[in-house]
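These numbers come from the heavy atoms of this one structure, side chains and all, not from hydrogens, waters or symmetry mates. Every value quoted in this text rests on a predicted model; they were computed, and no experiment measured them.
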Amino acid sequence: MSPPRYRSLLDLATRWKCPSRHLHLRLSHPPTLSRQASSHTNIHPRRLLQTTSKPRQHAASTTQALHEQMRRPSAHKNANVLYYTLSVILGTVALSYGSVPLYKTICQQTGWGGTPIKDTDLDDEETIAQKLTPVTSSRRLRITFAGSTSDILPWKFTPQQREVRVLPGETALAFYTATNQSDEDVIGVATYSVTPGQVAPYFSKIQCFCFEEQRLNKGETVDMPVFFYIDPEFLKDPAMQKIDTITLNYTFFKAKYDKDGHLAPVPMPY
């Protein structure tokens, strides 16, 4: 293919005007498109975050109210603990004052801890006739006696007899002797027990000096009686068949009146 021929330079220039104009038009469109794109991206303008500051006084009151709300359950719990503690203290004090008479009553009614039962049915003549009738067909039981004192009680306390032999249903009288060996008046309180312990429900006292105030002047000596019998029901209990010896033991403790007028044992020093 042969190159185009131009008649003159003017003909050459005339032919190249159109491409130049088209080129110019092509170059003129992008700015227009750019402006449209720019206007399109700016349709939704950016919003600034708006903040509102609350007054400090309102914030402080809200915090205080929250703290008060949190304290209420704790205060209620502390009150419950206080009431419980006071109840335990008052109950302990009441129990300490009532322990001696309560222990005495329980032991006398049940024979618990080897304590002989104090017979309260002797007001009935028929009952007296049944219980205080010696069972002559039975073997005689050997009753031994023992006595002791606490280390801080300056007394000498001993039984006057070593033993007695009785039939079930037969009454017996025994004596203990107590001597105050100190230079001042002393109050003593005695507790007692029976061995073997299972015999206690059948060992009945009619008269005794236990659990009662025994005041001895300095150097004084007194005799203390014990009037008792063995209930005939002893013979009907299969567990008693091999028991022939019973020991009655008394122990004296030093006692004094507290500020409320209650008689209580003096605690042992450690």
Side-chain angles (χ1 to χ4, degrees), residues 95-123 128 131-132 141-164 166 168 170-182 185-217 220-231 234 243 245-258 261-268:
L95 183 62
S96 64
Y97 283 123
S99 59
V100 173
L102 181 63
Y103 174 79
K104 176 181 177 181
T105 302
I106 293 175
C107 292
Q108 288 178 348
Q109 296 299 324
T110 64
W112 178 69
T115 302
I117 293 177
K118 186 176 182 180
D119 202 332
T120 58
D121 296 331
L122 295 182
D123 294 336
I128 294 175
K131 289 190 174 183
L132 299 185
L141 301 175
R142 177 172 173 259
I143 312 299
T144 61
F145 303 91
S148 60
T149 61
S150 65
D151 293 339
I152 61 174
L153 181 65
W155 285 11
K156 181 181 179 181
F157 178 67
T158 56
Q160 292 186 8
Q161 62 287 311
R162 284 190 173 184
E163 63 180 57
V164 296
V166 297
E170 181 182 7
T171 59
L173 181 63
F175 288 91
Y176 282 80
T177 300
T179 301
N180 182 4
Q181 297 178 330
S182 69
D185 298 347
V186 178
I187 298 175
V189 176
T191 61
Y192 58 94
S193 63
V194 170
T195 54
Q198 61 267 32
V199 181
Y202 304 106
F203 196 108
S204 299
K205 296 185 300 79
I206 301 174
Q207 182 181 357
C208 180
F209 53 86
C210 51
F211 293 113
E212 297 177 357
E213 172 187 344
Q214 305 294 331
R215 181 187 293 271
L216 271 64
N217 299 326
E220 183 182 9
T221 299
V222 296
D223 294 333
M224 300 180 180
V226 181
F227 194 32
F228 66 94
Y229 70 96
I230 305 299
D231 194 315
F234 172 89
I243 295 178
T245 301
I246 302 171
T247 300
L248 176 63
N249 179 68
Y250 281 90
T251 302
F252 258 103
F253 297 90
K254 188 175 182 180
K256 68 176 182 178
Y257 287 95
D258 57 20
H262 297 91
L263 186 66
V266 177
M268 294 285 292

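- In this structure, Lys156 NZ and Leu216 CG are separated by 14.0 Å, a value rounded to the nearest 0.5 Å.
- For the pair Asn180 (side chain) and Asn217 (backbone), a donor-acceptor distance under 3.5 Å is present.
- A pairwise comparison of heavy atoms in Ile243 and Gln198 identifies CD1-NE2, 3.8 Å as the closest pair.
- The CD1 atom of Ile187 lies 4.5 Å from the CD atom of Glu213; values are rounded to the nearest 0.5 Å.
- Of the inter-residue distances, the one linking Lys205 atom NZ with Cys210 atom SG reads 4.0 Å to the nearest 0.5 angstrom.
- Contact annotation: the side chain of Tyr250 approaches that of Cys208 to within less than 4.5 Å [non-hydrogen atoms, C-beta and beyond].
- The structure places CG of Asp185 at 8.0 Å from CD of Glu220, a figure rounded to the nearest 0.5 Å.
- Between Val186 and Pro154, the closest heavy-atom pair is CG2-CG, 4.3 Å.
- Scored by the side-chain hydrogen bond (donor to acceptor under 3.5 Å, both in side chains) test, Thr171 finds no partners at all (sequence neighbours excluded).
- Counted by atom type alone, Thr251 and Thr191 present zero donor-acceptor pairs between their side chains at under 3.5 Å.
- Remark: Gln160 pairs with Thr177, Asp223 by the side-chain hydrogen bond (donor to acceptor under 3.5 Å, both in side chains) rule, at least two apart or across chains.
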Let's go through Phe234 and Leu141 carefully: what are the C-alpha distance in whole Å and the side-chain angles of both, what is the deciding distance for side chain to side chain contact (heavy atoms under 4.5 Å, CB included) to 0.1 Å, and is it a yes or a no?
CA-CA 11 Å; Phe234 172 89; Leu141 301 175; 3.7 Å; yes
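- Here the straight-line distance linking atom CG of Leu153 with atom CD of Gln181 works out to 9.5 Å at 0.5 Å rounding.
- The main-chain N or O of Val222 is never found under 3.5 Å from a side-chain atom of Tyr176 such that the two would form a donor-acceptor pair.
- The aromatic rings of Phe228 and Phe203 lie parallel to each other, with less than 30° between the two planes, well short of the 60° mark.
- Summarising the geometry, atom CD belonging to Gln214 is positioned 5.0 Å from atom CZ belonging to Phe252; distances are rounded to the nearest 0.5 Å.
- Of all the heavy atoms in Ser150 and Lys254, the pair that sits closest is OG-N, 3.8 Å.
- For Phe145, there are no ring-ring contact (aromatic ring centres under 6.0 Å, His included) partners at least two apart in sequence or on another chain.
- The side-chain contact (heavy atoms from CB on, under 4.5 Å) with Ile246 is formed by just one residue from the set Ile143, Thr195, Val166, Thr144; it is Ile143.
- In terms of heavy atoms, Pro225 sits closest to Phe175 at CB-CE2, 3.6 Å.
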